[in-house]
Asks: 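So that we are looking at the same thing, I have put the structure below in structure tokens.
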Amino acid sequence: MSSMSEKDLKNLAIIALFCLFFLALRLIQPHNFSHDEAEQYLNASEFFLGFHKQPPLYSWLLWGFSKLFGLNLITLTCFKYLVYFAFLGVYYALARIFFDENKSFISLSSLLLFVTYIFDFNRDLTHTILLSFFAVLSFYLYILILKKPSSLNYFIFGLTLGLGFLSKYNFAFVASAIALACLSSSTGRKALFNSKSFLSLASFITVLSPHLLWLYQQGFVGFTYAIQRGEQSTSFDFSALIKSLFFGYYELLLVFIVLFFLWFSFYKKSSHQLRRTVNLAAIFAVLIPALVTIFFGFSSFYAKWLASIYFLPILSFFLNLEFTKQARQKIQYSLILVLILAVSVYQAAGSYYPDLVGKPKNILYPYHEIFQDLKNKLGEYEDKDIVFISSQRELLRANITQQQKKYMPDAKVIKKSQFKNHKNKKIFVLFWKDSKEEPQLPKPFAKSFANAKIQESIKAKLINSDQHYYQLAWAIAPALK
């Protein structure tokens, strides 16, 4: 896409409106944090070299963003949808290399048939959105290198690959697909053995090496966590493997069933010079995760783990279509609008009518009421230097921290592992979620605070609910000497 036409600008405006719609929908719901929002609220509060569960790039970027605009739900949400818009926008730019404005937008809209992109991205994902952006950007730059092998394109391509791995480790899926597609075609091999490839390698190593050093010092804890998420089996179980593959690939299967019925009658083998490159990348992108699952024997494989590769089969599919009729386009756009409406209604109903939807959303937990009650009960300790110590649940700690900063700014909320740095002249308030009538002190707390006194639990109704309650257990421990 050398220059943007008026139609391109209109298409990008529609993408922006889509993102703004879901951004606004999130902000009119309660301003408690969901799981991923809680994680980012804590991770972006300071600059950390790395994290045990996920790569650091999203939190690094959010940390910088929050230095300009503050750290709260509004900035968390705005940053997320900027990344979401960038992902969709770069895919549109990639599609425009191959298609006209109309076909590019139809191809783009097909991405929203995936549950991951239309539902999960708007519900509670962060790292995966950034991963998807760098996956599409990497392939876009690879195509640019094939078309114009400039030094700048090579340098930025390596930079993007490094940032992709820093966004999420399963970026390896799309990186491997690009590498194999490159080796499998003469055009790709010519680009690979170009002397300018050293620019890609240099920028890739420069970006990734500090984090690799941190991982080495931490015993590669991030990789260990990723493998544990897959629940590696100790023995071969064929039925479990088939089930794992089905739940990993069901979205891709459903989307292609829909697209097959809509567009297969327009199939025409493309004559585009880069058709083979795209088709090979799509094939490898689909096969590699399945082979990894089989090789490691993962009994759990999630469809969202394929978020980095979904765009390639879509691009390949439309690259082999030739159509002019408007009727099918209207059907697809109508289907997308129905999905957008369904997701938005479900999200709104889940927040405003939780008793009708089923299991309440965690953003409805009454942290404000709970904390106000807790603050009142701590009245006699107002002259003390209070430190709140949370259980290991990030969701609880982030939301209590948000309330503490508003209503008890002189206090501090920490996790249990940090308490040794706050021993002197403190009153420790331990808190954890517990629905029992007579809660027991959790083992990690009991080991360090044997003299803690459990207090009467604080209970409150969930926001907009008459049926569901949230109960916070808490205890007071005197200063340790």
Side-chain angles (χ1 to χ4, degrees), residues 12-45 54 58-59 61-63 65-66 68-89 111-112 114-133 167 304 307 336-368 394-403 405-406 462-465 468 470:
L12 291 173
I14 293 173
I15 298 170
L17 286 174
F18 166 80
C19 293
L20 285 171
F21 172 75
F22 278 101
L23 185 155
L25 182 62
R26 174 63 186 99
L27 294 181
I28 64 172
Q29 296 178 67
H31 280 212
N32 294 326
F33 299 126
S34 63
H35 283 288
D36 278 27
E37 291 165 348
E39 177 191 62
Q40 292 307 321
Y41 180 75
L42 296 172
N43 289 351
S45 61
Q54 298 283 5
Y58 192 97
S59 301
L61 295 174
L62 182 58
W63 174 80
F65 190 76
S66 67
L68 296 174
F69 304 105
L71 186 60
N72 50 54
L73 182 72
I74 295 175
T75 52
L76 286 171
T77 308
C78 288
F79 181 77
K80 169 180 173 174
Y81 280 97
L82 280 173
V83 177
Y84 197 180
F85 174 76
F87 159 59
L88 296 175
L111 296 180
L112 299 181
F114 288 95
V115 175
T116 296
Y117 294 151
I118 188 66
F119 180 72
D120 290 333
F121 275 20
N122 289 304
R123 181 178 58 91
D124 191 29
L125 291 181
T126 51
H127 298 280
T128 305
I129 304 175
L130 188 64
L131 161 72
S132 301
F133 164 69
S167 63
K304 66 180 182 180
I336 299 299
L337 286 173
V338 168
L339 289 175
I340 291 173
L341 180 62
V343 170
S344 58
V345 168
Y346 178 81
Q347 288 195 354
S351 291
Y352 292 101
Y353 302 99
D355 295 339
L356 298 178
V357 174
K359 184 180 179 181
K361 299 162 69 172
N362 48 45
I363 62 172
L364 300 181
Y365 292 166
Y367 296 110
H368 176 76
E394 292 174 330
L395 181 67
L396 176 58
R397 180 156 54 96
N399 281 286
I400 292 297
T401 300
Q402 180 178 224
Q403 299 299 321
K405 288 184 176 180
K406 288 181 182 178
L462 267 60
I463 299 171
N464 299 323
S465 175
H468 300 280
Y470 184 91

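Here the structure is a predicted model, which means the values were calculated and not measured. For reference, positions follow the sequence shown, starting with 1.
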Asks: Check whether the ring centres of F22 and F18 lie less than 6.0 Å apart, and answer yes or no.
Replies: yes

Asks: Heavy atoms only: give me the nearest E394-A38 pair and the separation to one decimal.
Replies: O-CB, 3.7 Å

Asks: Let's go through H368 and K406 carefully: what are the C-alpha distance in whole Å and the side-chain angles of both, what is the deciding distance for side-chain contact (heavy atoms from CB on, under 4.5 Å) to 0.1 Å, and is it a yes or a no?
Replies: CA-CA 10 Å; H368 176 76; K406 288 181 182 178; over 6 Å; no

Asks: Output the distance between atom CZ (F121) and atom CZ (F114), rounded to the nearest 0.5 Å.
Replies: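 The distance works out to 11.0 Å.
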
Asks: Around F21, counting heavy atoms of other residues, nucleotides and ligands shown, do more than 12 lie under 6.0 Å from its CZ?
Replies: yes

Asks: Measure across Y470 and P366 and return the closest heavy-atom pair with its distance rounded to 0.1 Å.
Replies: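 Shortest heavy-atom separation between Y470 and P366 comes out as CB-CD, 3.4 Å.
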
Asks: So, do F119 and Y346 sit near enough that their side-chain heavy atoms are less than 4.5 Å apart?
Replies: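 Yes, their side chains come closer than 4.5 Å.
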
Asks: Any donor-acceptor pair under 3.5 Å linking the side chain of N32 with the backbone of Y365?
Replies: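 Side chain of N32 to backbone of Y365: a pair is present.
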
Asks: In Å, rounded to the nearest 0.5 Å, how long is the span from OG1 of T128 to CD of Q54?
Replies: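 That separation rounds to 7.0 Å.
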
Asks: Can you measure from CG (L395) to CD1 (I363) and round to the nearest 0.5 angstrom?
Replies: 10.5 Å

Asks: Would you say the side chain of L73 lies within less than 4.5 Å of the side chain of R26, judging by non-hydrogen atoms?
Replies: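 They are in side-chain contact.
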
Asks: So, S465 side chain and P354 main chain: donor-acceptor pair closer than 3.5 Å or not?
Replies: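 Pair absent, no side-chain N/O of S465 close to backbone of P354.
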
Asks: Taking it one step at a time, do Y352 and I28 satisfy side-chain contact (heavy atoms from CB on, under 4.5 Å)?
Replies: CA-CA 10 Å; Y352 292 101; I28 64 172; 4.1 Å; yes

Asks: Backbone N or O of L341 within a donor-acceptor pair of the S344 side chain at under 3.5 Å?
Replies: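 A pair under 3.5 Å: yes.
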
Asks: Quick one: CZ on R397 to CG on L42, what's the gap to the nearest 0.5 Å?
Replies: 4.5 Å

Asks: I need the minimum non-hydrogen distance between L25 and A348, along with the two atoms involved.
Replies: CD1-CB, 4.4 Å

Asks: Is a side-chain donor or acceptor of Y84 paired with a backbone partner of Y117 at a separation under 3.5 angstrom?
Replies: yes

Asks: What's the separation between atom CD1 in I336 and atom CD1 in I118, rounded to the nearest 0.5 Å?
Replies: 7.0 Å

Asks: Measure the shortest side-chain to side-chain distance between N122 and Y81 over non-hydrogen atoms and say whether it is less than 4.5 angstrom.
Replies: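 Yes. Closest side-chain heavy atoms under 4.5 Å.
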
Asks: What I want to check is whether the side chains of K80 and T126 have a donor and an acceptor closer together than 3.5 Å.
Replies: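 Absent: no donor and acceptor within the cut-off.
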
Asks: Between D36 and Q40, is any pair of side-chain heavy atoms under 4.5 Å apart?
Replies: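 Result no, sub-4.5 Å side-chain heavy-atom pair not found.
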
Asks: Could you report the tightest heavy-atom contact between T75 and G70, atom names first, then the distance?
Replies: OG1-O, 2.9 Å

Asks: For the atom pair CG (L364) and OG (S34), what is the distance rounded to the nearest 0.5 Å?
Replies: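 Here the rounded value is 11.5 Å.
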
Asks: Looking only at the aromatic ring of each residue, does the gap between the centers of Y367 and F33 stay below 6.0 angstrom?
Replies: no

Asks: Walk me through whether S167 and H127 qualify under side-chain contact (heavy atoms from CB on, under 4.5 Å).
Replies: CA-CA 6 Å; S167 63; H127 298 280; over 6 Å; no

Asks: Would you name the heavy atoms of G89 and L12 that are closest together and state the gap between them?
Replies: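 Reported closest heavy-atom pair: CA-CD2, 4.3 Å.
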
Asks: Testing the basics here: between L76 and L71, what is the closest heavy-atom pair and its distance to 0.1 Å?
Replies: CD2-CD1, 4.2 Å

Asks: Would you check if the side chain of N464 reaches a backbone N or O of S351 as a donor-acceptor pair within less than 3.5 Å?
Replies: yes

Asks: Do L339 and L112 have side chains that approach each other closer than 4.5 Å (heavy atoms only, starting at C-beta)?
Replies: no

Asks: Judged by atom type as modelled, is there a donor-acceptor pair below 3.5 Å linking the side chain of Q402 to the main-chain atoms of A398?
Replies: no

